[in-house]
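Hydrogens, waters and symmetry mates are skipped; everything else that's a heavy atom, side chains included, is used. Keep in mind that this is a model prediction, so the values were computed, not measured. Numbering starts at 1 and runs along the sequence shown.
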Amino acid sequence: MFWTKEQLLAHLPDVYRERDAEIAARDGLAEGPLSSLLGAIATQLGAVEDSVEQLYDNWFVETCQPWVLPYIGELLGISRLPSTSSAVFTPRAFIANAMGRRRRKGTPGMLQQLARDSTGWHAHVVEYFCHLAQNQHLNLYRPTEFFTPDLRDADALERLSSPFTVTNRLPEIRNIDGSYPGRFNIPNIGIHLWPLLAMTPPESARFGIEARPQAESATPARWYLHPLGVPAPLYNRPLRSDPSEGALVTDRMRERDVPEPLRRLPLHLELEALRQSTADGASLPPMRYFGEARPVFLLFVNNETEPIPAAEIRIVDFTHGWPAPAATQAYTPSSGGPDVALPIRCAVDPLRGQVAFAPGAEPTQLRSVHAYGFSMKMGGGPYERPAEGSDQEDVGFQIGVSRLLSPVPDVIVDSLTDAITAWNSQAPGTRGVICVMDSMRYSENLPIAIPEGSHLTLVAADWPAVETDPGVLERFPGIFSPDRIRPHLRGDIEIAGTAPASSANPGTLRIDGLLIEGSLTVVPGHLGNLILSHCTLTENVTIESGGPGRNAELRVLLQKSRIHRVQCPADLETIAVEDCIVGVPNTPETPAVNAGDAALDLKRSTFWGPITCREVEATDCIFMRELIAQRTQVGCVRYSFLAPGSNVPRPFRCQPQLAIGSATGPAATETIARRVRPLFESMNPAHPSYARLHTSGPEEIYRGAENRTEMGVFASLEAPLREDFLRGNLDDFLRAGLVAGLQYEMPSSTP
């Protein structure tokens, strides 16, 4: 029970309450001294009751505070916990499942659960000795285990090198945990890990991501599902991987349960079986990929709220062409009889993210609910984001933007231009929010004015309606939900700070969750803060000065974003970059950051091009080209990779300088410098593992950050620490004589 001031007053005699009210009336107070005293006592009682309730919650691993976890683990005999930060990975599941793991020690299901609990990634365990070709004993006859693969089983042949292979192999000598690991050996246990995330919007027509037509026309027939119009693979949406979704700890992972690129063949076979059952008039076959439970993708055309039926979709390969499918396809019933012509509306290549519509079925608009893969939540996307600035009472202006919802005057408009126009008419000192409430494309140029003392948040977020009375819905300022929405702005943003040059309180602009296919320019004026969070910008971020005192106090903060380039010839306060990818790979002469006379504060980021600035503070970064600071007496560069030719303050534990150490002679120095260079999984921006360090790269880079994790933009994932924690626990649960090896499942290439 939480005590309030009124409840405490009710326990006192009336004479004290009356006298307290008389004193308040006599002295012109809002409440009497007794009421004030009991209000303070009620506040402290509430704090005590909260503490008592938290003490009860601390008895349970699901609800306890983080500092209690090591003590609960000690009670269970767990002396080793991960050294990762609690914001990245929590050991709650590892502690909660400790007794279950010990009861099932040595089984593949237990090892799979151990891998998931220890890393937080999807995992699948393979006993490779079960896939060895061997003579069979008559007492243990396995009629389905063949020495040679069935060459007619295309699906099995396609999975030859995957963790879900069903084909037997001849044994190899190499162990799975060696320098040159092998798989098919008697003691080998493979623990396959999927460190990438599958990010997907909600299964709703309003939140579907608008596709990009191949060519501009009234009714285009060919579409890219990627908003920028590039080939990119669609990802599987894991079906049974979490206990909250009905998964059991004894369940073994299947191909449908892990986040990896979709394969054409199983989708094609499932849809062909669906159409054949329709032609036969039989009951529908089991649907793993297109069933009611989390279909791998949904397509919505025009303003339809229901997706295209799965039976009207063909799975094809557009690698060597992009033809339109026929409008119908004939199927012969299994029992005989005339062919049955079934309608086909579109063809989809899931490995390229391309769609072609049949003649006569071309839409004017296409939206898709599909997953894409990436290493972490950054760059704007349909994932859960922290609600920065939400649930605030001092918001004086809020408006929603949606092309799919019906406009409501002064509440919801159908263009960003109308929303910006409404904001630009607000008085100085206003705190405003513009919510982009769907994942549509907006082809507009936005001139944004930030007056003195104003704060504007332009955010990709839903603005939920609250039912105030039965049947009455109302939207309140200061409340928005920024989860799983990624609008696409195809245009330029121009920002003008209109505060006087002498103002001590210039305005602030925050942009959160947008994919911006255009440039962002801060024109001459007086702006206080510019914050870009969870955004992707395909063009430059430019800061213009326009004279002394103009934008001189501007502070720029880039967080969890993918930025093409930062151009800042102006003399401003500082540019801070955290958890970002800046620049364009494979273009070594294109500057990533031209900061002029500005100071840089860089953390956990990867920079592809050259950087120039006045002074620099950098930690856990990768600089693939020269970093040139004008002042080397101030600042510091720590735990980072510095390209040759950089001019920085004295570096602290930076590579390759640290690895070169006391090497003698130019030949030895050159050899070490060539070896200690970042090795990336991919340098293609459309690839799911873009900018991620390869696990076989130099140890000095992969574990060279301050907390012994990888340098660069993915340092906050702390992947090496998760891997170390899993390796440290494997020996306690492996059967004698077996050897376990970790295998990272990364997509090989982008089609």
Side-chain angles (χ1 to χ4, degrees), residues 108-109 112 124-174 176 181-192 194 233-234 236 239-240 251-258 260-280 282-291 296 310 313-320 329 331-336 348-351 741 743 745 747-749 751:
Q112 177 179 282
H124 176 62
V125 172
V126 181
E127 297 174 307
Y128 278 106
F129 55 81
C130 294
H131 293 281
L132 295 179
Q134 55 185 304
N135 295 328
Q136 299 193 35
H137 196 282
L138 292 178
N139 292 335
L140 185 60
Y141 182 57
R142 297 177 294 165
T144 60
E145 301 295 328
F146 299 102
F147 180 78
T148 57
D150 183 0
L151 298 183
R152 294 181 178 86
D153 190 348
D155 186 60
L157 294 176
E158 203 172 70
R159 290 185 287 160
L160 273 177
S161 59
S162 95
F164 304 99
T165 181
V166 294
T167 305
N168 293 330
R169 302 287 189 94
L170 293 174
E172 55 183 330
I173 303 302
R174 297 175 296 169
I176 201 168
R183 290 187 181 182
F184 296 90
N185 197 356
I186 293 176
N188 286 352
I189 299 288
I191 300 179
H192 297 264
W194 282 263
L234 308 187
N236 183 32
L239 187 60
R240 277 185 323 132
D251 289 343
R252 300 293 302 278
M253 289 291 109
R254 303 170 302 177
E255 190 176 7
R256 182 67 174 89
D257 303 323
V258 297
E260 63 180 11
L262 294 172
R263 293 191 297 121
R264 300 183 183 103
L265 185 58
L267 274 62
H268 167 75
L269 295 177
E270 182 167 293
L271 293 182
E272 289 297 305
L274 173 62
R275 284 188 282 268
Q276 185 63 51
S277 66
T278 302
D280 294 341
S283 58
L284 298 181
M287 304 283 286
R288 288 191 303 163
Y289 293 94
F290 293 95
V296 289
I313 300 174
R314 285 190 60 195
I315 303 298
V316 296
D317 184 355
F318 287 143
T319 304
H320 303 293
Q329 187 168 340
Y331 290 85
T332 303
S334 301
S335 59
V348 178
D349 184 348
L351 272 183
Q743 306 281 323
E745 296 300 321
S748 57
S749 63

Leu267: which of Leu234, Ile313, Ile315 passes side-chain contact (heavy atoms from CB on, under 4.5 Å) = Ile315

Taking all non-hydrogen atoms of both residues into account, name the closest pair between [X] and [Y] and its distance.
{"X": "Pro333", "Y": "Gln276", "answer": "CA-NE2, 4.1 Å"}
{"X": "Asp155", "Y": "Pro266", "answer": "OD1-CD, 4.0 Å"}
{"X": "Leu265", "Y": "Ala154", "answer": "CD2-C, 3.5 Å"}
{"X": "Glu255", "Y": "Arg263", "answer": "OE2-NE, 2.6 Å"}
{"X": "Asn236", "Y": "Leu262", "answer": "CA-CD2, 3.6 Å"}
{"X": "Ser277", "Y": "Leu274", "answer": "OG-O, 2.6 Å"}

If you measure from [atom1] on [X] to [atom2] on [Y], what distance do you get to the nearest 0.5 Å?
{"X": "Arg256", "Y": "Phe164", "atom1": "CZ", "atom2": "CZ", "answer": "12.0 Å"}
{"X": "Arg264", "Y": "Asp317", "atom1": "CZ", "atom2": "CG", "answer": "3.5 Å"}
{"X": "His124", "Y": "Trp194", "atom1": "NE2", "atom2": "CH2", "answer": "6.0 Å"}
{"X": "Ile189", "Y": "Cys130", "atom1": "CD1", "atom2": "SG", "answer": "7.5 Å"}
{"X": "Ile176", "Y": "Phe184", "atom1": "CD1", "atom2": "CZ", "answer": "9.0 Å"}
{"X": "Leu151", "Y": "Leu157", "atom1": "CG", "atom2": "CG", "answer": "6.0 Å"}

Flag side-chain contact, heavy atom, 4.5 Å: His131 against Val126 =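 His131 vs Val126: side chains touch.
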
I'd like to know if the side chain of [X] reaches the main chain of [Y], judged simply by a donor and an acceptor atom lying under 3.5 Å from each other, with no hydrogens or angles considered.
{"X": "Asp349", "Y": "Phe318", "result": "yes"}
{"X": "Glu745", "Y": "Glu260", "result": "no"}
{"X": "Arg174", "Y": "Asn185", "result": "no"}
{"X": "Arg183", "Y": "Ser161", "result": "yes"}
{"X": "Glu270", "Y": "Phe290", "result": "yes"}

